Amino acid sequence: MGEVIVITSGKGGVGKTTTTANLGTGLAINGKKVVLIDADIGLRNLDLVMGLENRIVYDLVDVVEENCRLRQALIKDKRFDNLYLLPAAQTRDKDAVSPDQMKKLCVELKKDFDYILIDCPAGIEQGFKNAISGADWAVIVTTPEVSAVRDADRIIGLLEAAEIRNPKLVVNRIKLNLVAQKDMMNINDMIDILAIELLGVVPDDEKIVISTNRGEPAILDEISLSSKSYKNIVRRILGEDVPLMPMEAETTFFGKLKKLIGLGS
Amino acid sequence: MLDIFSKLFQKDTNSKDVAKERLRLVLIHDRANMSPELLQSLKEDLITVINKYLEVDQEALEVNLSNVDDSVALVANIPIVQVKRSL
Ligand SMILES: Nc1ncnc2c1ncn2[C@@H]1O[C@H](COP(=O)(O)OP(=O)(O)OP(=O)(O)O)[C@@H](O)[C@H]1O
Ligand SMILES: [Mg+2]
């Protein structure tokens, strides 16, 4: 029986789609059978990040409206046989799918897949409600900025109200130099404020821009800084106890330098 | 580099501490669902209760959530016009 994880954030543009693509790919690298669902109906993007945009025939709405069978809509990844994408419909509205339909779909997919990752749309409206309705647990993505953290807090409340327990936090786009000079909140600050469990930290990394251009998730780029972060998060999802990378800068300059170098290796 | 050094030695409020404090306060409001309307109605209820004992300046009365040292408090500033005579 598989596990359904929704990747959500509240605020837009903080990295939900990027996180979904990388964690999904990482779970597939570890031999798990994975399907990624793009629940951002009308603003399809996960296909592009995965480099699968040219293979789409049917989409999520076609499946729930029974225009096709589930199997027909699942697109196999270019690199991994055990990784699939169920794309969003591009020319429909957020309410083209209902929470009940989403739940039913998740139940169906859990029979066949180890992990079902749902890329949630931004906001707290219907699209969000649909995306979380079939989830067993949630990953909340935030950046270390006041507005993103505030929205994350709101999402935590809404998930709780929807009885989706134990959300875990991914802090994305941390800038080590800014943290070091105390002009960006560090991990402890955010855990302190949001009071939820930390799943991982991903640095702000130019490689993500490049990999997104190419349609190849950054986790595949062994030497990228973010690849290591994503791999650690994947191992934590798989139940391993992986210590945090030394992301958090020390107060001394040499401590910072050491950690920066340690991180780059 | 110079910039980093000057920031390092400048011990007073780092912008991340400002961010954290502002967030803490705004989240209290968000979580408690403390809308301005809610604060207003709290204010009115307070006036009703206090008026039984004291005559207060209703116009000048202020009720706010604010940061006090390391915690958040409900702070009310209630100017008294007159203490009622006990009967
Ligand atoms: N760690 C990172 N380092 C650098 N760039 C990043 C990082 N994470 C995400 N980005 C970039 O930020 C942008 C937004 O990312 P993404 O599309 O994943 O966000 P989203 O939360 O899915 O957005 P939306 O709310 O619109 O769906 C993209 O251009 C992406 O490449
Ligand atoms: Mg997205």
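In this text the structure is predicted, and so the values were computed from the model without any measurement. Residue numbering restarts at 1 for every chain, and letters A, B, ... go by the order of the sequence lines.
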Exercise for review: Mind checking the OG-CE spacing from B:Ser15 to A:Met185? Nearest 0.5 Å is all I need.
Suggested key: 9.0 Å
Check your understanding: Is A:Arg154 salt-bridged to B:Asp30, going by a charged N under 4.0 Å from an acidic O?
Key -> no
Exercise for review: Answer yes or no: are there more than 12 heavy-atom neighbours, outside B:Gln40 itself, under 6.0 Å from its atom CD?
Suggested key: yes
Review point. Hey, is A:Asp189 close enough to B:Lys20 for a salt bridge, meaning N to O under 4.0 Å?
Key: yes
Exercise for review: Starting from the C-alpha separation in whole Å, work towards a yes-or-no answer on side-chain contact (heavy atoms from CB on, under 4.5 Å) for B:Lys16 and A:Lys182.
Suggested key: CA-CA 6 Å; B:Lys16 74 112 176 168; A:Lys182 300 211 163 139; 4.1 Å; yes
Exercise for review: State the CG-CE distance between B:Leu23 and A:Met190, to the nearest 0.5 angstrom.
Suggested key: 9.5 Å
